[in-house]
Amino acid sequence: MRYDLVIFDNDGVLVDSEPISNRHLAAYLTELGHPTSYEDSIRDYMGSAMHRIHDLVLERTGRRLPEDFDDVFHARVFAAFERELQPVAGVSGVLEKLAADGVPYCVASSGSHERIRVGHRATGLDRWFEEGRIFSSQDVGRGKPAPDLFLHAAERMGCEPARCVVVEDSPLGVQAAVAAGMDVYGFTTMTPADRLAGATQLFSDMGELADLLV
């Protein structure tokens, strides 16, 4: 393995949550008087921490989202996760191989700790991610595209940034990894390859990742 640490994004990389969460985000924003299509949500908010949604809506409309926006949105999304969420195809095999080979790995997500855990429990991925392997934008001052979260994860895992690789599916995540001085493999299942152009390498089949990292 050419890297000392593999850092996974969560939504869209470990759990197939982006279609669910962006469908509900678009519907809720529209309900609140901010017309948003599913495609708009994917383009503008995929990979974002919640504060970025608030910031963009305020910047564009001059109106603040309701104080309970996050709680209402998460309640809707978590309920949908329990009904619909699946792991990304092929990711369980990747995690099994990394664990068997003794390769350190973790997750670093723009989502909250609660969102990460709800998704992992619903998909059975919680068996691969004990407490010390989970990092959230809640842990740092700035979310992606700032490098803070990935640098925090590397520090906590005891690895130099230059020896880390990030697995990402959003432009914001790729920008954050590059800013952290890490290689980044862009997963193109939901995001067009040209929007992940800063990635070290692009791939579209999660089942191939373990071999690509060797």
Side-chain angles (χ1 to χ4, degrees), residues 6-32 36 38 41-42 44-57 65-96 98-99 105-144 148-150 152-153 156-157 166-170 172-173 176 187 189-191 206 209:
V6 181
I7 304 175
F8 291 93
D9 176 43
N10 188 57
D11 295 292
V13 170
L14 295 176
V15 295
D16 193 17
S17 53
E18 295 291 9
I20 299 170
S21 59
N22 282 281
R23 187 174 72 243
H24 282 274
L25 178 58
Y28 189 27
L29 288 173
T30 300
E31 178 184 320
L32 293 171
T36 305
Y38 172 77
S41 184
I42 291 287
D44 294 341
Y45 303 121
M46 183 171 158
S48 300
M50 290 300 294
H51 69 80
R52 187 169 186 272
I53 300 172
H54 288 263
D55 292 346
L56 279 179
V57 170
L65 292 171
E67 289 188 5
D68 64 349
F69 178 86
D70 292 14
D71 291 338
V72 172
F73 172 65
H74 284 136
R76 295 181 182 186
V77 169
F78 293 169
F81 280 2
E82 296 291 351
R83 297 190 303 269
E84 307 172 42
L85 191 62
Q86 297 293 323
V88 167
V91 79
S92 294
V94 172
L95 294 170
E96 185 173 2
L98 292 177
Y105 64 89
C106 64
V107 57
S109 172
S110 293
S112 66
H113 279 281
E114 184 183 14
R115 179 186 174 108
I116 297 167
R117 291 189 178 92
V118 167
H120 286 190
R121 286 196 300 269
T123 57
L125 294 183
D126 52 341
R127 63 184 289 232
W128 303 109
F129 290 95
E130 64 270 23
E131 180 68 25
R133 295 184 190 269
I134 298 175
F135 305 101
S136 161
S137 61
Q138 290 179 312
D139 303 330
V140 295
R142 300 180 298 168
K144 305 168 189 177
D148 304 35
L149 175 57
F150 291 142
H152 172 71
R156 290 291 300 273
M157 295 293 291
V166 176
V167 185
E168 264 288 356
D169 71 330
S170 76
L172 293 176
F187 185 43
T189 292
M190 281 199 62
T191 307
M206 187 59 71
L209 178 63

Looking at side-chain heavy atoms only, is the closest gap between E82 and V118 below 4.5 Å?
-> yes
Check whether any side-chain N or O of T30 sits under 3.5 Å from a backbone N or O of T36 as a donor-acceptor pair, and report yes or no.
-> yes
Search all heavy atoms of S109 against all heavy atoms of G111 and return the closest pair with its distance.
-> OG-N, 2.9 Å
Donor-acceptor pair, S137 side chain versus G143 backbone, under 3.5 Å?
-> no
Give a yes or no on whether a salt bridge exists between E96 and R127, defined as a side-chain N under 4.0 angstrom from a carboxylate O.
-> no
Just do the ring pair (Phe, Tyr, Trp, His ring centres under 6.0 Å) check on Y105 and F129 with the steps written out, would you?
-> CA-CA 9 Å; Y105 64 89; F129 290 95; 5.4 Å; yes
Before giving the answer on ring pair (Phe, Tyr, Trp, His ring centres under 6.0 Å), spell out for H54 and F69 the whole-Å C-alpha distance, their side-chain angles and the decisive distance to 0.1 Å.
-> CA-CA 9 Å; H54 288 263; F69 178 86; 5.5 Å; yes
In terms of heavy-atom contacts, I7 and A108 come closest through CG2-CB, 3.6 Å
Cationic N near anionic O, under 4.0 Å, R117 to E131 = yes
Determine, stepwise, if the pair L95 / F8 fulfils side-chain contact (heavy atoms from CB on, under 4.5 Å).
-> CA-CA 10 Å; L95 294 170; F8 291 93; 3.8 Å; yes
Can you find a side-chain donor-acceptor pair between R115 and S21 that sits under 3.5 Å?
-> yes
Determine, step by step, whether V94 and W128 satisfy the side-chain contact (heavy atoms from CB on, under 4.5 Å) criterion, reporting the C-alpha distance in whole Å, the side-chain angles of both residues, the deciding distance to 0.1 Å, and the verdict.
-> CA-CA 11 Å; V94 172; W128 303 109; over 6 Å; no
Identify the two heavy atoms, one from G132 and one from M157, that lie closest to each other, and give their separation to 0.1 Å.
-> O-SD, 3.7 Å
Please examine the side chains of D16 and P87, heavy atoms only from C-beta on, and report whether any two atoms are closer than 4.5 Å.
-> no
Do side-chain atoms of H152 reach the backbone of D148 as a donor and acceptor pair under 3.5 angstrom?
-> no
Determine, step by step, whether S17 and F81 satisfy the side-chain contact (heavy atoms from CB on, under 4.5 Å) criterion, reporting the C-alpha distance in whole Å, the side-chain angles of both residues, the deciding distance to 0.1 Å, and the verdict.
-> CA-CA 8 Å; S17 53; F81 280 2; 3.6 Å; yes
V13 and V91: which non-hydrogen atoms are nearest, and at how many Å?
-> O-CG2, 3.7 Å
Among side-chain atoms of S41 and N22, is any donor-acceptor pair under 3.5 angstrom?
-> yes
After noting the C-alpha distance and the side-chain angles of D11 and M46, does the key distance pass the side-chain contact (heavy atoms from CB on, under 4.5 Å) rule?
-> CA-CA 9 Å; D11 295 292; M46 183 171 158; over 6 Å; no
If we only count heavy atoms from C-beta on, is the V88 to V15 side-chain gap below 4.5 Å?
-> no
Hey, can you tell me if F78 and H74 have their rings parallel, tilted or perpendicular (30° and 60° cut-offs)?
-> parallel
Electrostatic pair E168-K144, nearest N-O below 4.0 angstrom = yes
Within 6.0 angstrom of E67 CD, more than 12 heavy atoms from elsewhere | no
Side-chain touch F150/V140, heavy atoms, less than 4.5 angstrom | no
Would you say the side-chain atoms of T191 pair up with the backbone N or O of D169, donor to acceptor, closer than 3.5 Å?
-> yes
Compare all side-chain heavy atoms of L25 with those of F73 and state whether any distance is below 4.5 angstrom.
-> yes
Under the 3.5 angstrom rule, does the side chain of S136 hit a backbone N or O of D139 as a donor-acceptor pair?
-> no
